[in-house]
Structure formats: structure tokens, C-alpha cells
Q: 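Below is one structure. I have some questions about it.
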Amino acid sequence: MIRLQQFTLQLHQPLLFTTYPGFYLRNALVKALTVHCREPGRVKDQKVVSCIGCSRAGVCLYKKLNLPVEVPEGIPGPMPFGLDVSMLHTGKYQSGVVSFGLNLYGRAGHNLQLFQQALEMVGRDYGIGEQGQARQFSVIGCDKVAETDIVDIFNSTPKTCKAVTLQFTHLKLPAPRMAAEKHLPLEYLLQQIQGRIQSLMDTYGGDSGRLPLLSITPEQAGNMYQTEQFALCNYQYAGSGKGHLFLSGQVKYQGDLTPWLQWLEAGSRVGVGRFTSYGFGKCKIIK
């Protein structure tokens, strides 16, 4: 289950995003959520270093939601939320209201109030924007936009599809793939989508066994054609010269896409690749 909420903020001070707005919002939210860490002796507002050996891990909401720690135990689980900052832009807001979306996955949707309280804490105590510049804002709206059960996408009747274009604004793949040619084979994309959906369902509730089998035969792959128009872009942090590389553009697949169209539609809801909690990896399907 994916629950999409739209938050609306009333700014009481100018707000400056010198780079991708999702970086500021995600990091501020996680900082506020650290109040739920039960680690004895942790300094307020300090990052959560490790859950290994913590006697309170079993009753810790921070750990239950798989929120980030500096020293993860094993392979980190997927984050319980993903931002949608398509309504925001890099630059300065003098005043007024701003809005963004927040996807909550599975059981995390039951903790909506926790995320709303965390955002209120950001506006009261921390601030967002460059160096927390906007330290005073109010949450004036928290509205449910949509609720989607991933399994329902696969229960619908498949539509015949001979061509589809996927439009990505921010796509960050694992480092080896980013260093390679800007190429997104359908087989690789579907594997990424399947892995993410199964991981979300296993972590936040859902029967991944109800998902259809996913396979592409060599013959099917040989009858598939694709054209890509990707640019390699970079978001830099102000004054540091450091940033994050990502792909922006589109890929068009041609052939009999009917067996996989539902997987592509499901992937467009949850995002693929890295930095999905920041809002990366979402795509728009153009048929």
C-alpha cells in the first residue's frame, strides 16, 4: 500500500534552496525523527550511529521504520517514505506557501501523525533551506491525495502495448551503472523495479508472493528496441564543489511490452535506483 500525502507549509521567513529541494527536506525530516531513537545516552539532534547491541532496539520506533544509521546492521532496508518535490524548485521563496508530496509505504502509513509532527518540529526548531535559513514555518495542510495497493495494479487486465516512453527527471543508479554508458536496458530496469517492490513489501507489509513472475526470454529481448535521450547532470552543494550525479531524460521501448507494462506502472509509483527517499527515481509513463 502506498499512501500519498500533500503537505502545505506557510513560510514566515524567506526560504532558499541552492540545490535539489529533496535533499533539504529529507535530511530535515530524518533529523527530527531521531527523537524516537531509544539509544541511551544519545545526544539530542545527534545522528544515530548504530543500533548494534542497543538494549532498546526491540521497542524503538526509529529502528522499526528502518530510518538511517551511520553503521547499519547488515543490508539497510528501504526507507519508509519517498518525497515528491516536483512542485518545488531550486531558488528562493520570499514568502507564501509551498507544497510537496510524501509517499508512505505499507505500515509506515499508520505513522502519518509521526511524520506530520516531525515536519512541525522542523519548522519550529530546525528550519529548512540553505543552512536551515527558513527556521519558522507552519504546517497548514496535510491532505491525502491517493492510496494505491501495488497488487491491484497486477490484478487489472493487461493492456496491449507496443511502445512506451518513460520520462525520468532524476535517476540515480548504482555507481558502476552510472559510470557506464547512459544505457537503461529493459531487463535491468525491470529487475530494479521487482527488487524494490519486493523489498518494500517484505519490510512494510504485503504478500510479495502475490506478485506475478517476471522473466524475459532471449527471444523477447531480441525483439525489443529502445532509444534513449539521457543527459548526465549534477546537483552541487553550495560552495563545496561536491554533489550528486544523476540521469535526466527519457527512454523509449518498442516491441510487445504487454507482459511488463504493469511492472513499469508499479515502478512509476515507487521509484527505482538510489535516493528514492529524496524523490529520485520516479518516472512518467508516456504511451
Q: Honestly curious: do L257 and I286 fall in one hydrophobic cluster under the side-chain, below-4.5 Å linking rule?
A: no
Q: Less than 4.5 Å apart, side chain to side chain, heavy atoms only: is that true for E147 and M1?
A: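 Heavy-atom side-chain distance check passes, below 4.5 Å.
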Q: Nearest 0.5 angstrom please: L166 CG to S268 OG, how far?
A: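 One gets 8.5 Å once the value is rounded to the nearest 0.5 Å.
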Q: Sub-3.5 Å donor-acceptor pair from the side chain of Y204 to the main-chain atoms of P78, do we have one?
A: yes
Q: List the steps and the verdict of side-chain contact (heavy atoms from CB on, under 4.5 Å) for N223 and D256.
A: CA-CA 8 Å; N223 291 327; D256 185 7; over 6 Å; no
Q: Can you give me every donor-acceptor pair (side chain of residues 50-64, partner residue at least two apart or in another chain, under 3.5 Å) with its distance?
A:
{"unit_1": "S50", "atom_1": "OG", "unit_2": "I52", "atom_2": "N", "d": "3.0"}
{"unit_1": "Y62", "atom_1": "OH", "unit_2": "P68", "atom_2": "O", "d": "2.7"}

Q: For a quick test of your reading: what N or O donor-acceptor pairs under 3.5 Å do the side chains of residues 211-220 make, sequence neighbours left out?
A:
{"unit_1": "T217", "atom_1": "OG1", "unit_2": "Q220", "atom_2": "N", "d": "3.1"}
{"unit_1": "T217", "atom_1": "OG1", "unit_2": "Q220", "atom_2": "OE1", "d": "3.3"}
{"unit_1": "Q220", "atom_1": "OE1", "unit_2": "T217", "atom_2": "N", "d": "2.9"}

Q: Kindly compute the distance separating CD (Q226) from CG (L189), expressed to the nearest 0.5 Å.
A: 9.5 Å
Q: Among all residues two or more places apart in sequence or in another chain, which pass the salt bridge (charged side-chain N to carboxylate O under 4.0 Å, His left out) test with E39?
A: none
Q: Taking all non-hydrogen atoms of both residues into account, name the closest pair between A163 and Q254 and its distance.
A: CB-CG, 4.1 Å
Q: In terms of relative ring orientation, are Y278 and F275 parallel, tilted or perpendicular, with 30° and 60° separating the classes?
A: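 It falls in the tilted class, 30° to 60°.
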Q: Once side chain to side chain donor-acceptor pair (under 3.5 Å) is applied, what residue pairs with a partner in residues 160-172 remain, sequence neighbours excluded?
A: H170-Y235
Q: Would the distance check show the side chain of T258 and the main-chain N or O of C161 forming a donor-acceptor pair, the cut-off being under 3.5 Å?
A: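 The answer is yes, because a donor-acceptor pair under 3.5 Å joins these two groups.
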Q: Quick check: do L11 and Q94 have side-chain heavy atoms less than 4.5 Å from each other?
A: no
Q: Would you check, one step at a time, whether the test side-chain contact (heavy atoms from CB on, under 4.5 Å) holds for N27 with L25?
A: CA-CA 6 Å; N27 292 340; L25 281 167; over 6 Å; no
Q: If two hydrophobic side chains count as joined below 4.5 Å and joins carry through other members, does V98 share a cluster with M121?
A: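 Same hydrophobic cluster.
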Q: Closest heavy-atom contact between P21 and T90?
A: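 Reported closest heavy-atom pair: CD-OG1, 3.9 Å.
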Q: Going hydrophobic residue to hydrophobic residue with side-chain gaps under 4.5 angstrom, can you get from L190 over to Y188?
A: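 Yes, it is one cluster - the side chains of L190 and Y188 are joined through contacts under 4.5 Å.
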Q: Give the C-alpha distance, both sets of side-chain angles, the deciding distance and a yes or no for side-chain contact (heavy atoms from CB on, under 4.5 Å) between Y24 and T18.
A: CA-CA 10 Å; Y24 297 101; T18 60; 2.8 Å; yes
Q: Applying ring pair (Phe, Tyr, Trp, His ring centres under 6.0 Å), can you list everything that pairs with F168, at least two apart in sequence or on another chain?
A: none
Q: Table please: side-chain donor-acceptor pairs of residues 99-118 below 3.5 Å, with sequence neighbours left out.
A:
{"unit_1": "S99", "atom_1": "OG", "unit_2": "T8", "atom_2": "OG1", "d": "3.1"}
{"unit_1": "Y105", "atom_1": "OH", "unit_2": "R196", "atom_2": "NH2", "d": "3.4"}
{"unit_1": "R107", "atom_1": "NH2", "unit_2": "T203", "atom_2": "O", "d": "2.4"}

Q: Just so I know, are the side chains of P158 and Q262 near enough to count as touching, which here means a heavy-atom distance under 4.5 Å?
A: yes
Q: Can you list everything that forms a ring pair (Phe, Tyr, Trp, His ring centres under 6.0 Å) with Y225? Sequence neighbours excluded, please.
A: none
Q: Can you tell me if N234 uses its side chain to pair, donor with acceptor, with the backbone of H244 under 3.5 Å?
A: yes
Q: Which residue pairs pass the ring-ring contact (aromatic ring centres under 6.0 Å, His included) test with at least one member in residues 143-165, sequence neighbours excluded?
A: F154-W263
Q: Which residues satisfy the ring pair (Phe, Tyr, Trp, His ring centres under 6.0 Å) test with F230, sequence neighbours excluded?
A: none
Q: Rounded to the nearest 0.5 Å, how far does CG of L184 lie from CG of L247?
A: 8.0 Å
Q: Hydrophobic cluster membership, with links at side-chain heavy-atom distances under 4.5 Å among I/L/V/M/F/W/Y: are V97 and V139 in one?
A: no
Q: Hey, quick one: are L119 and I140 part of the same hydrophobic cluster, counting side-chain heavy atoms closer than 4.5 Å, chains of contacts allowed?
A: no
Q: So how far is it from Q250 CD to Q229 CD, rounded to the nearest 0.5 Å?
A: 5.0 Å
Q: Taking the side chain from Q13 and the backbone from Q136, do they hold a donor-acceptor pair closer than 3.5 Å?
A: yes
Q: Can any side-chain N or O of E228 pair as donor or acceptor with the backbone N or O of V251 at less than 3.5 Å?
A: no
Q: Nearest 0.5 Å, please: how far is CZ in R26 from OG1 in T276?
A: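 One gets 9.5 Å once the value is rounded to the nearest 0.5 Å.
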Q: Is there a side-chain contact between V164 and I285 in this structure, where contact means two heavy atoms from C-beta onward sitting under 4.5 Å apart?
A: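 Yes, close enough: below the 4.5 Å cut-off.
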Q: What I'd like to find out is whether the side chain of V270 reaches to under 4.5 Å of the side chain of I150, using heavy atoms alone.
A: yes
Q: Just distance, no hydrogens or angles: give the donor-acceptor pairs under 3.5 Å from side chains in residues 28-38, sequence neighbours left out.
A:
{"unit_1": "T34", "atom_1": "OG1", "unit_2": "K31", "atom_2": "O", "d": "2.6"}

Q: Would you mind reporting whether M79 and L67 have side-chain heavy atoms less than 4.5 Å apart?
A: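 A side-chain contact under 4.5 Å exists here.
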Q: Under 3.5 Å, which donor-acceptor pairs link side chains of residues 80-89 to any protein atom two or more places apart or in another chain?
A:
{"unit_1": "D84", "atom_1": "OD1", "unit_2": "S86", "atom_2": "N", "d": "3.1"}
{"unit_1": "D84", "atom_1": "OD1", "unit_2": "S86", "atom_2": "OG", "d": "2.8"}
{"unit_1": "H89", "atom_1": "NE2", "unit_2": "Y93", "atom_2": "OH", "d": "3.4"}

Q: Strictly by salt bridge (Lys or Arg N to Asp or Glu O under 4.0 Å), give each pair with a member in residues 263-276 just once, sequence neighbours left out.
A: E265-K287
Q: Side chains of V71 and V69: closer than 4.5 Å at any heavy-atom pair?
A: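 SC-SC contact between V71 and V69 ruled out.
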Q: So do V272 and F280 actually touch side chain to side chain, heavy atoms under 4.5 Å?
A: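 Not touching, per the 4.5 Å side-chain cut-off.
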Q: With rounding to the nearest 0.5 Å, note down the distance linking CD1 in I197 to CG in D202.
A: 11.5 Å
